[in-house]
Q: 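Sharing a structure with you now.
Each chain gets a letter, A, B and so on, in the order the sequences are listed, and its residues count up from 1.
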Amino acid sequence: MTRVGKDFYMRDSLTVARELPGKILVRASSEGICSGRIVETEAYMGFKDKAAHSCRGKTPRTEVLFKAGGLAYVYLIYGMYFCLNFSTNSPDKPECVLIRALEPLEGMELMKKRRGTDIVENLCSGPGKLCGALGIGRECNGEDLCGERLFLLDDGFVPDIAASRRVNVDYAGDAAEYEWRFYVRANRFVSCRNIK
DNA sequence: GCCGGGATCGTCT
DNA sequence: GACGATCCCGGCA
């Protein structure tokens, strides 16, 4: 079991998104420790990707993406839910990877309490859900992914990974067709299991 | 089990 | 002023 270091994030988001499934995300807060194995990701490739927040340049919201990779990019969606992304690559390439689903491991009781359900499949099977389960909000934006509150472990497990179109980016023209979503095949903790 | 609609507000135009 | 990188609930089967 090793900690994932900064170098891992200093590559393009497609490469990172493909290698993330199987890694273990650990979240430590005042309420306790939670962890889960990443089972679903999406790559957002910066300027060359019309679905990416950063494709039209730097704004107050996307500022974190214009720094070296290895930071959390957290934003509010639909006015009610948060999404967790890992920034990747160099400051001139504002790319990131959306974390879409986890297979819950540690801290099951705390995650159930935060989510208000005992159904394990519903704890982290979606971007908004996993932020709820892990207690991730706007205060995590810019958080170092190699710190003590949020980090990644590698236990050597390599799952069987499939690719598909990304979820809910129909507005993005050609970019909507790119198969930049990566998920663990036949895993019951993946969101949108009808999309192949 | 599947489907449709509503919630809710920060962000950018 | 419009619109989401979503989720939940209710209705119907």
Q: Using heavy-atom distances to pick each residue's nearest nucleotide on DNA chain C, tell me which of A:Y171 and A:R115 is more 5'.
A: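 Result: A:Y171.
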Q: Determine the minimum heavy-atom distance between A:K112 and A:V120, stating which atoms define it.
A: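 That would be CE-CG2, 4.2 Å.
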Q: Taking all heavy atoms of A:D49 and all of A:A175, pick out the closest pair and write down the distance.
A: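 Looks like OD1-CB, 3.6 Å.
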Q: Can you give me the first and the last nucleotide of DNA chain C (5' to 3') that has an atom within less than 4.0 angstrom of a non-hydrogen atom in chain A?
A: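 Range of nucleotides within reach of chain A: C:dG4 to C:dC8.
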Q: Using a strict heavy-atom distance below 4.0 Å, which residues from residues 126-141 of chain A are in contact with DNA chain C?
A: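 Those residues are A:G126, A:P127, A:G128, A:K129.
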Q: Take A:T88 and A:R11, measure what side chain to side chain contact (heavy atoms under 4.5 Å, CB included) needs, and give me the verdict at the end.
A: CA-CA 6 Å; A:T88 67; A:R11 302 173 296 162; over 6 Å; no
Q: Less than 4.0 Å between a side-chain N and a carboxylate O, is that true for A:E179 and A:R166?
A: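 No.
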Q: Quick test of your reading of the model: are A:R37 and A:D155 salt-bridged, counting only N-O distances below 4.0 Å?
A: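 Yes, this pair counts.
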Q: Within the 4.5 Å heavy-atom criterion, are A:F66 and A:T59 side-chain neighbours or not?
A: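 Not touching, per the 4.5 Å side-chain cut-off.
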Q: Would you list the atom pairs, donor with acceptor, under 3.5 Å between side chains in residues 123-142 of chain A and any protein atom, with sequence neighbours excluded?
A:
residue	atom	partner	partner atom	Å
A:S125	OG	A:E121	O	2.7
A:S125	OG	A:K129	NZ	3.2
A:E139	OE2	A:G137	N	3.4
A:N141	OD1	A:V74	N	3.0

Q: Would you say that A:D144 contacts A:K6 through its side chain, given a criterion of any heavy-atom pair below 4.5 Å between the two side chains?
A: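 When only atoms from C-beta onward are counted, A:K6 and A:D144 do touch, with a gap below 4.5 Å.
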Q: Output all residues satisfying side chain to side chain contact (heavy atoms under 4.5 Å, CB included) with A:E177, sequence neighbours left out; order by chain, then residue number.
A: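 Once residues adjacent in sequence are excluded, the partners of A:E177 under the side chain to side chain contact (heavy atoms under 4.5 Å, CB included) criterion are A:R165.
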Q: Which of these passes side chain to side chain contact (heavy atoms under 4.5 Å, CB included) with A:F8: A:L20, A:L145, A:T15?
A: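 For A:F8, the side chain to side chain contact (heavy atoms under 4.5 Å, CB included) check succeeds only for A:L20.
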Q: Of all nucleotides in DNA chain B with an atom under 4.0 Å from a non-hydrogen atom of chain A, which is the first and which the last going 5' to 3'?
A: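 Both ends considered, the range comes out as B:dA7 to B:dT13.
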Q: Whenever both distances are under 3.5 Å in a Watson-Crick or G-U wobble pair, mark it; put DNA chain C into dot-bracket that way, with [ ] for crossing pairs and | when the partner is on another strand.
A: ||||.|||||||.
Q: Could you list the residues that satisfy salt bridge (Lys or Arg N to Asp or Glu O under 4.0 Å) with A:R56, not counting sequence neighbours?
A: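 Partners of A:R56 by the salt bridge (Lys or Arg N to Asp or Glu O under 4.0 Å) criterion come out as none, since no residue qualifies.
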Q: Report yes or no: is the cationic atom of A:R181 (NZ for Lys, CZ for Arg) closer than 6.0 Å to the six-membered ring centre of A:Y183, at no more than 45° off its axis?
A: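 Satisfied, under 6.0 Å and within 45°.
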Q: Determine yes or no for a side-chain-to-main-chain donor-acceptor pair under 3.5 angstrom, with A:K23 supplying the side chain and A:E19 the backbone.
A: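 Judged by distance alone, yes, a pair lies under 3.5 Å.
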Q: Please give me every residue in residues 87-112 of chain A whose heavy atoms get under 4.0 Å of an atom in DNA chain C, ordered by residue number.
A: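 Residues of residues 87-112 of chain A under 4.0 Å from DNA chain C: A:C96, A:L98, A:R100.
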Q: Are the side chain of A:S35 and the backbone of A:E106 linked by a donor-acceptor contact shorter than 3.5 Å?
A: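 The answer is yes, because a donor-acceptor pair under 3.5 Å joins these two groups.
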Q: Can you sort out which residues in residues 59-77 of chain A have a heavy atom within less than 4.0 Å of DNA chain C? Ascending by number, please.
A: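 Residues of residues 59-77 of chain A under 4.0 Å from DNA chain C: A:Y75, A:I77.
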Q: Other members of the hydrophobic cluster containing A:V158, with the 4.5 Å side-chain heavy-atom rule, please.
A: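 Under the 4.5 Å side-chain rule, A:V158 groups with nothing.
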Q: Let me check something: any side-chain donor-acceptor pairs from residues 94-102 of chain A under 3.5 Å, sequence neighbours excluded? List them with distances.
A:
residue	atom	partner	partner atom	Å
A:E95	OE1	A:S13	N	2.8
A:E95	OE1	A:N89	ND2	3.3
A:R100	NE	A:E40	OE2	2.8
A:R100	NH2	A:S191	OG	3.0

Q: Which residues pass the ring-ring contact (aromatic ring centres under 6.0 Å, His included) test with A:Y75, not counting sequence neighbours?
A: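 Applying ring-ring contact (aromatic ring centres under 6.0 Å, His included) to A:Y75 gives A:H53, A:Y73.
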